[in-house]
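In what follows, every heavy atom counts, from backbone to side chain, and hydrogens, waters and symmetry copies are set aside. Whatever order the structure lists ligands and atoms in, that order sets their numbers, starting from 1.
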Amino acid sequence: MLKIGCHLSASKGYLHMGEEALSIDANTFQFFTRNPRGGKAKDLDFEDIAAFRKLAEENNFAPILAHAPYTLNPCGKDDRVRAFAFEVMADDMRRLAHTPDSYYNFHPGSHVGQGIDRGIELICELLDVILKENIGPMVLLETMSGKGSEVGSRFEELKAIIDRAEHSDRIGVCLDTCHVHDAGYDIVNDLDGVLAEFDRIVGLDRLKTIHVNDSKNPFGSHKDRHEKLGDGTLGFEAIAQVINHPALRDLPFYLETPNELDGYANEIRSLRSVYRE
Ligand code: FE
Ligand code: FE
Ligand code: ZN
């Protein structure tokens, strides 16, 4: 059974997202823990969470994926930027403790000229404090396209974070197909080779979720602009290979393509039609 969902708006709560997912034949979803630009999260509604958890269980949902706001930068240069990252992450982890079947995905951050090594050091400092509390789900480092000074566009960088962090048993990876392609990993012509490289460097056991996106930009462009499946430089055939690959096919997949709900419904239908049961 294909585990597939898409990014949904969290503004109407968990139960609403669960029902929306079901309405498009999805069995999971991704959402922002708060406004993607940051700011305060809504108060938790425990009735809503209980109703969602019942629905998720009845419908065999795969883990849901919480996405940290884009403005969260664990390796910013400014103390206030890092303090904000800490506060948001700590609050998100406390909130996500109420939806245990979940993962918390975040962008490792941008080192803004401090260098990759310093960036990795700062990311690990934050993770050491956050994960020490032992509250909330496993955190996932998202593979990035390498635009600007982003950390995490090379598998070696993700591995360095995992190796240096104290509580690495609670750190996994979310692979974004648009990002890795833009970063220069050729998943269109050599998916096997890229996954073998990932396995050698990071270990496939760390890979927990996949963001399924086509890309508006050419291979290796370091750009990060998502495209609808089949309309970009990856193409639908490459995406079909990703969801069917023996090393990936049992993981949950999340669409972050530029779509409204009906567009997501179409993409999920297309993916289900090519998934080999
Ligand atoms: Fe992301
Ligand atoms: Fe992504
Ligand atoms: Zn992206």
Measure from the Fe ion (ligand 1) to every N/O/S atom of H107 and report the name of the nearest one. NE2
Taking just the N, O or S atoms of D224, which one is nearest to the Zn ion (ligand 3)? OD1
Assess the pair H7 and F32: is the distance between their ring centroids shorter than 6.0 Å? yes
D176: its N/O/S atom lying closest to the Fe ion (ligand 2) (atom name): OD2
When you measure from the side chain of K147 to the backbone N and O of M144, does any donor-acceptor pair fall under 3.5 Å? no
Report yes or no: does H179 have an N/O/S atom closer than 2.8 Å to the Zn ion (ligand 3)? yes
Are the side chain of E267 and the backbone N or O of L229 linked by a donor-acceptor pair below 3.5 Å? yes
Is any side-chain heavy atom of F236 less than 4.5 Å from a side-chain heavy atom of S270? yes
Is H211 close enough that one of its N/O/S atoms sits under 2.8 Å from the Zn ion (ligand 3)? no
Examine distances only and state if a side-chain atom of K3 and a backbone atom of N27 form a donor-acceptor pair shorter than 3.5 Å. no
H67 near the Fe ion (ligand 1) via N/O/S, less than 2.8 Å: yes
The Fe ion (ligand 1) reached by E256 (N, O or S, under 2.8 Å): no
With rounding to 10 degrees, what does the angle H211:ND1 / the Fe ion (ligand 2) / E142:OE2 come to? 90°
D25 bridged to R272 by N-O distance under 4.0 Å: yes
